[in-house]
Amino acid sequence: MTQTDLEVKKDPNDAAPQPGDERMWTARVRGAAVRAFPPGKLLPDRQPSYVASWIYIFGVLTVAAFVVILASGVVLVVRGPSWWHISKIGLYFNSIHLWAVELFFFFMVIHLWGKFFMAAWRGRRRATWITGVVSFLVSVGAAFTGYISQQNFDSQWIATQAKDGINSTGVGAVFNVLDFGQMLLWHVLLLPVVVATLVGVHVLLVRRRGVVHPLPVRGTTVDPGS
Amino acid sequence: MHDDEIHPGSITLTEAAALPEDADWTGPTIRYDLVKEVTVAVVVVAMLAMVLALFFGSPDDAPVTIRQWSNAKPGDFLATALSELDGSSGSAGYGPPYNTAGTGQELGPVSAQQIVGVHIPLDTVNDFILAPLRQQAASTPAVGVVLAQWSAASSDQQTTWMTNYGDALPKGNQTGTGAFSVPPADDGPLPGLLSALLTLADSGALDADLTSSPNFYGTDYTKPLLFLSDSGYLADKGKAQNLSGSQWGMMNETGSYPGQAWLWLYTMWYQIPPMKTSHNADVEVWAIMMGFSLLLVFVPFIPGLRDIPRFVPVYRLVWQDHYRRLAAERVTPPAGSPPD
């Protein structure tokens, strides 16, 4: 860096690239990020006046339950898979984990059907809908691997029952539900990472596109799929 | 977290309602403290989960072991062991991904199991019966003798012995000393062979044999779980807990817990014809569920399906305040707004 470079350096808080830097990958990614997510969109303190129903709370409740699942899961991971079978505190944390999962699906299903009946994919929000539904489907897999990683009668029963379904698709050859080690790693690492990524993208898409407009009433000609 | 106070936007509500659906909303707004809402939601859900955990806990019934099974139901254990030996057990004739003894399930002309092939090799005769007995033979010469007699026999001779032993087994019973006695028959070394396996199982050594790994550390329970799943013992235990397939199966848990309630649709297909009695029920149910999942994912692109919300008035309930304000504004336009 030369003295001239230092002299022309602009305010580091300015997202716009310096003259000549426009083609740099970093400058382009920063520019795209700032255009897609200006601070007012990323963390808004205002919402359209129609965002005034109890149904809107279920999205954030789902995220909140996911946070509790991750937090209780981290405690269980720290002490290892056998701990909760021999410790009352461990059993309590396992119970928190279980009930957070139950709440997560309860909130998520209400959120999903609420958004369905609001046709929330309208206005270039298809990707928001798709990431939401895929998050739900992957979450079912994440919960399932948790149930078969419990090392108790439930996990024995569920795994031996489920193997036939998974095997019938051909997937059982690489996803062996009877292999505790494999299922535990999917449960504590791979699937949570996928769910967290999908939920993150979903939330960013909601922030980028905003909350879907109300369906028009009286003489509407708007196509809910547009 | 929002307040009910409406703040005017740069355009009226009527004008905003006519905005394209992908346009940023510039109509009236409300204050909405997103960070506060997320924080409160996390605290409330955490407290709710903690209270539910405190009052209801979570199920943790001890796993079933082969040792428990052989001690509690030696007749069932011996019958299952015989079925592994003669190839009639579920695992022995399963097909891919465990072996080539079965064809696997088919969806029309396609069998994904066959296409993928064997990836988790299982030979029930060797893995469940002979290999554990060979280890036992190192310390118990009598086991080595019956093993040698069995191995030296022809396939036809082995079949005859297995048939005769299978006929005698249902007449067997537990003696006063706890041993299981099978009436004499022309079954060669089989009584000695399977009784040695029963002894091995009673001691817990068979649990260890089937879970053992050549690398000392082991986390794969495929073999003991397949062996247990061939038994009547595990099935009876599941049925007693209302967990069998006809009882909505694996979506439930032991005790009165909600289990995986979100699997209700998946489990439902097993309760209705033709899946209820189909040999290909699993692959049929998976195909149905994959179809439903794809429909749900691609709802925005499917005419008819994506129009349902317009005809179900749930949205009128969700946005009732908005529609009310919109109607009121049309009757009494805000000061300064142009006439219609």
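Protein chains get the first letters and strands the later ones, always in sequence-line order, with residue 1 at the start of each.
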- Message: Report which part of B:Tyr221 has an atom under 4.5 Å of a heavy atom belonging to chain A: side chain, backbone, both, or neither.
- Response: both

- Query: Parallel, tilted or perpendicular for A:Tyr50 and B:Trp319, by the 30°/60° rule?
  - Reply: perpendicular

- Residues B:Asp60 and A:Asn152: side-chain donor-acceptor under 3.5 angstrom: yes

- Message: Counting only heavy atoms from other residues, nucleotides and ligands, does the tally under 6.0 Å from CZ of A:Phe106 exceed 12?
- Response: no

- Can any side-chain N or O of B:His322 pair as donor or acceptor with the backbone N or O of A:Ala52 at less than 3.5 Å? no

- In terms of heavy-atom pairs under 4.5 Å with chain A, the winner among B:Ala46, B:Ala112, B:Gly57, B:Gly9 is B:Gly57

- Task: Let me know if B:Leu234 has heavy atoms under 4.5 Å from chain A in its side chain, its backbone, both or neither.
- Result: both

- Given B:Val318, B:Val116, B:Val38, B:Asp220, the one with more heavy-atom pairs under 4.5 angstrom with chain A than any other is B:Asp220

- Pair B:Ser229, A:Thr160: side-chain N/O donor-acceptor within cut-off below 3.5 Å: no

- Counting only heavy atoms closer than 4.5 Å, note whether B:Val43 contacts chain A via side chain, backbone, both or neither. neither

- Item | Polar contact flag, side-chain donor to acceptor under 3.5 angstrom, A:Asp164-B:Tyr94 | yes

- Any donor-acceptor N or O pair under 3.5 Å, side chains B:Thr222, A:Asp179: no

- Say whether, by atom type as modelled, one donor and one acceptor occur between the side chain of A:Arg125 and the main chain of B:Glu21 under 3.5 angstrom. yes

- Query: Would a line drawn from the ring center of A:Trp121 to the ring center of B:Phe301 be shorter than 6.0 Å?
  - Reply: no

